[in-house]
Amino acid sequence: MELRERRLYRSTHKTFDEYCLDRFGYNRSRSYQLVDAAIVVDNLQKCPQIVDILPTAEGQFKPIIKLEPHEQQEVWLKAVEVAGGKVPTVRIVKDVVQRIMERTQVPNIYQIGEVCQI
């Protein structure tokens with residue numbers, strides 16, 4: 001993450017993608033997945049309620065990558081609670097994300113065929 005943000009790869013490579021491929025053998029998408037994972041874990045560690053229970057597998061944090069930092073923490077805390085104080089499974093994390101997304105959706109007040117201005 002720091003390599004990308006501070007552009008530390010520039011002394012040897014033109015792009016972050018080239019650096020990751022040459023240095024680690026990771027293609028562009030895999031490199032960015034790992035950076036996203038690091039961002040999520042850093043964010044979860046900042047939450048005072050989260051002590052030692054952090055994601056142990058990529059699938060556990062994939063569903064929460066696109067959420068806002070406070071939502072990531074909320075989802076993880078709830079998932080740990082549902083898992084009985086243990087590291088939650090991927091299914092539990094996905095279910096908690098789904099419940100939160102349903103709760104925060106803006107209802108569609110328009111009918112099919114109705115004309116509206118966007």
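Residues take their numbers from the sequence shown, with the count starting at 1. This structure is a prediction, so every number in the text was calculated from the model and none was measured.
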(message) A quick test of your reading: do over 12 heavy atoms of other residues, nucleotides or ligands sit less than 6.0 Å from CD of Glu114?
(response) yes
(request) Please name the pair of heavy atoms, one in Asn43 and one in Pro69, separated by the smallest distance, quoted to 0.1 Å. (result) ND2-O, 2.9 Å
(request) State plainly whether one hydrophobic cluster holds both Leu67 and Phe61, where clusters connect Ile, Leu, Val, Met, Phe, Trp and Tyr through side-chain heavy atoms under 4.5 angstrom apart. (result) yes
(message) So that I can tick it off, tell me whether Arg6 and Glu2 are bridged by a salt bridge, with the cut-off set at under 4.0 angstrom between side-chain N and carboxylate O.
(response) yes
(message) Hydrophobic clusters here meaning ILVMFWY residues chained together by side-chain heavy-atom distances under 4.5 Å, can you tell me if Ile65 and Tyr26 are in one?
(response) no
(message) Both conditions, 6.0 Å and 45 degrees, for the charged tip of Arg30 above the ring of Tyr32: are they met here?
(response) no
(request) Look at the side chain of Gln73 and the backbone N and O of His70, then say whether any donor-acceptor pair between them is shorter than 3.5 Å. (result) no
(message) Within the 4.5 Å heavy-atom criterion, are Asp42 and Met1 side-chain neighbours or not?
(response) yes
(message) If I take atom CG from residue Asp36 and atom CD from residue Glu58, how far apart are they, to the nearest 0.5 angstrom?
(response) 10.0 Å
(request) Answer whether the closest heavy-atom distance between the side chains of Lys94 and Lys62 falls below 4.5 Å. (result) no
(message) Does either side chain, that of Thr15 or that of Asp17, offer a donor lying less than 3.5 Å from an acceptor on the other one?
(response) no
(request) Check Val96 against Val82 and note the closest heavy-atom contact, atom names and distance. (result) CG2-CG2, 4.5 Å
(request) Kindly work out whether a path of hydrophobic side-chain contacts (I/L/V/M/F/W/Y, heavy atoms less than 4.5 Å apart) joins Leu21 to Phe24. (result) no
(message) With a 4.5 Å cut-off on side-chain heavy atoms, are Lys86 and Val80 touching?
(response) no
(request) Examine the side chains of Ser29 and Gln33 and answer whether a donor and an acceptor come within less than 3.5 Å of each other. (result) no
(request) Decide side-chain contact (heavy atoms from CB on, under 4.5 Å) for Phe16 and Val35; before the verdict, give the C-alpha distance in whole Å, the side-chain angles of both, and the deciding distance to 0.1 Å. (result) CA-CA 12 Å; Phe16 179 67; Val35 169; 4.2 Å; yes
(message) Can you tell me how far apart CD (Glu18) and OG1 (Thr12) are? Round to the nearest 0.5 Å.
(response) 9.5 Å
(message) Please check: side-chain N/O of Gln60 versus main-chain N/O of Val90, any donor-acceptor pairing under 3.5 Å?
(response) no
(request) Work out which heavy atom in Trp76 is nearest to a heavy atom in Leu54; give both atom names and the distance. (result) CZ2-C, 3.5 Å
(message) Can you give me the closest heavy-atom contact between Gly85 and Ile53, atom names plus distance?
(response) O-CD1, 2.9 Å
(request) Could you grab the distance from atom CD1 of Ile100 to atom CD of Glu71, nearest 0.5 Å is fine? (result) 7.0 Å
(request) Compare every heavy atom of Val93 with every heavy atom of Pro88, then report the nearest pair and how far apart it is. (result) CG-CG2, 3.9 Å
(request) Take the angle between the ring planes of Tyr19 and Tyr9 and call it parallel below 30°, perpendicular above 60°, tilted in between. (result) tilted
(request) Could you tell me which non-hydrogen atom of Ala79 sits nearest to which non-hydrogen atom of Ile92, and how far apart they are? (result) O-CG2, 3.6 Å
(request) Could you tell me whether the side chain of Gln98 reaches within less than 4.5 Å of the side chain of Asp95, counting heavy atoms only? (result) no
(message) Taking Ile64's backbone N and O only, do any of them form a donor-acceptor pair with Gln72's side chain (distance below 3.5 Å, no angle check)?
(response) yes
